[in-house]
Amino acid sequence: MDLHIEGVIHPFIPLKAYQAQHDLPETFEVALFAPKDFTGLGRIDQAGAEMNAMRAAVLAAVPEYLSVNQWIGFIPRLTEIFTMQLYSINHAVGLREVEIEFAAGGFSDVCHAFAYAALRAGAPTRAMPEFQQVYRDWLAASTTTVPAGSYLHSEESWNISVIYDDYGRVGLRVERGDAVDYVRDTALACPAHGYMRVLLEEVAAKLAAAANDQRN
């Protein structure tokens, strides 16, 4: 996997592989440099049925026929449905209001990014944009690094920064001598990041199908 920061692509090395490569202890991880307080945080590990129902409701809200030119006007309504659904299952998830609104904002942003990409591409007369590329670009725009201190290893001092994106802590930037490594560690990232990516991909696919059906 690659990491995109300010338009530059960096190889993203999995944490376990990096630990083995440099003979590092298991304690060398994001949690060492940016620990997370789990007090009061929501959980999704026991809300599978509720989240599946939410997914179904959001996807069902996409009309069978909807031209690309209509997407921009429809996305606020779809975001409203997403938000209402998330509030309706929150008894099983336990998110704070600010977290729900943040999730809704991300949902809206990705949908709009896909819509604008489709308009620029001239879809559906021409090929639809690749959702994964749109999603990577959106996530890259939110990626940043925050200095987190130094780490002494084999008598060498490394400068460590924690990498964040819209889903939280996703890795480490390691400066060791003249080398700079990017290490992937999502153990403390938002646990719903995978769910959201898949849901948004499915929404994009339904929008694309609706536009193609509209053309036909």
Side-chain angles (χ1 to χ4, degrees), residues 1 3 15 29-64 66 70-118 131-132 134-144 146 162-171 184-210:
M1 178 177 288
L3 174 69
L15 175 63
E29 57 185 351
V30 163
L32 178 65
F33 304 100
K36 185 174 183 178
D37 183 3
F38 288 89
T39 305
L41 292 184
R43 298 183 59 176
I44 65 172
D45 53 345
Q46 296 181 354
E50 289 83 358
M51 295 186 73
N52 285 337
M54 172 182 166
R55 167 186 168 274
V58 171
L59 293 176
V62 179
E64 186 176 358
L66 193 71
Q70 294 174 306
W71 290 4
I72 299 299
F74 172 68
I75 287 171
R77 173 56 182 159
L78 187 61
T79 301
E80 181 182 2
I81 292 169
F82 169 87
T83 308
M84 291 170 56
Q85 287 294 317
L86 192 48
Y87 272 111
S88 74
I89 69 166
N90 199 40
H91 64 279
V93 180
L95 295 175
R96 293 170 292 191
E97 182 175 354
V98 65
E99 293 170 324
I100 293 177
E101 297 302 323
F102 185 80
F107 179 90
S108 175
D109 288 347
V110 175
C111 289
H112 276 99
F114 185 71
Y116 287 124
F131 171 79
Q132 291 298 338
V134 172
Y135 188 77
R136 283 193 296 267
D137 291 344
W138 169 77
L139 206 54
S142 74
T143 303
T144 187
V146 178
V162 177
I163 304 169
Y164 294 81
D165 66 18
D166 262 6
Y167 293 111
R169 306 156 177 80
V170 294
R184 184 165 185 79
D185 176 10
T186 59
L188 298 186
C190 172
H193 63 95
Y195 173 88
M196 287 297 298
R197 179 187 59 77
V198 172
L199 174 61
L200 285 161
E201 184 173 18
E202 291 177 323
V203 167
K206 284 212 68 175
L207 287 171

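These numbers come from the heavy atoms of this one structure, side chains and all, not from hydrogens, waters or symmetry mates.
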Practice prompt. Drop me the distance from L78's CG to L66's CG, to the nearest 0.5 angstrom.
Written response: 9.5 Å
Worksheet item: Looking at CE of M196 and CE of M51, how far apart are the two atoms once the value is rounded to the nearest 0.5 Å?
Response: 8.5 Å
Fill in: CA sep, side-chain torsions, deciding dist, call: H112, W71, side-chain contact (heavy atoms from CB on, under 4.5 Å)
CA-CA 8 Å; H112 276 99; W71 290 4; over 6 Å; no
Discussion item. Using a strict threshold of under 4.0 Å (side-chain N to carboxylate O), is an ion pair present between E202 and K206?
Written reply: no
Quick one: does [X]'s side chain get under 4.5 Å of [Y]'s, heavy atoms only?
X: R184; Y: T186; value: yes
X: C111; Y: L200; value: yes
X: V58; Y: F107; value: yes
X: V93; Y: E50; value: no
X: D109; Y: W138; value: yes
X: M54; Y: F82; value: yes

Worksheet item: Just by modelled atom types, is the L139 backbone N or O under 3.5 Å from a matching donor or acceptor in the S142 side chain?
Response: yes
Could you pull out the closest heavy-atom pair between [X] and [Y], with the gap in Å?
X: R169; Y: Y164; answer: CG-CE2, 3.5 Å
X: P63; Y: A210; answer: O-CB, 3.5 Å
X: T79; Y: A104; answer: CG2-O, 3.6 Å
X: A34; Y: V162; answer: CB-CG2, 3.8 Å
X: F131; Y: A204; answer: CD1-CB, 3.5 Å
X: F74; Y: V62; answer: CZ-CA, 4.0 Å

Response to the item:
Of V146, T143, D185, T144, the one forming a side chain to side chain contact (heavy atoms under 4.5 Å, CB included) with I163 is T143
Item to complete: Check step by step if side-chain contact (heavy atoms from CB on, under 4.5 Å) holds for E101 and T83.
Response: CA-CA 7 Å; E101 297 302 323; T83 308; 4.1 Å; yes
Practice prompt. With side-chain contact (heavy atoms from CB on, under 4.5 Å) as the test, would you mind laying out the steps for Y135 and R197 before giving the verdict?
Written response: CA-CA 8 Å; Y135 188 77; R197 179 187 59 77; 3.7 Å; yes
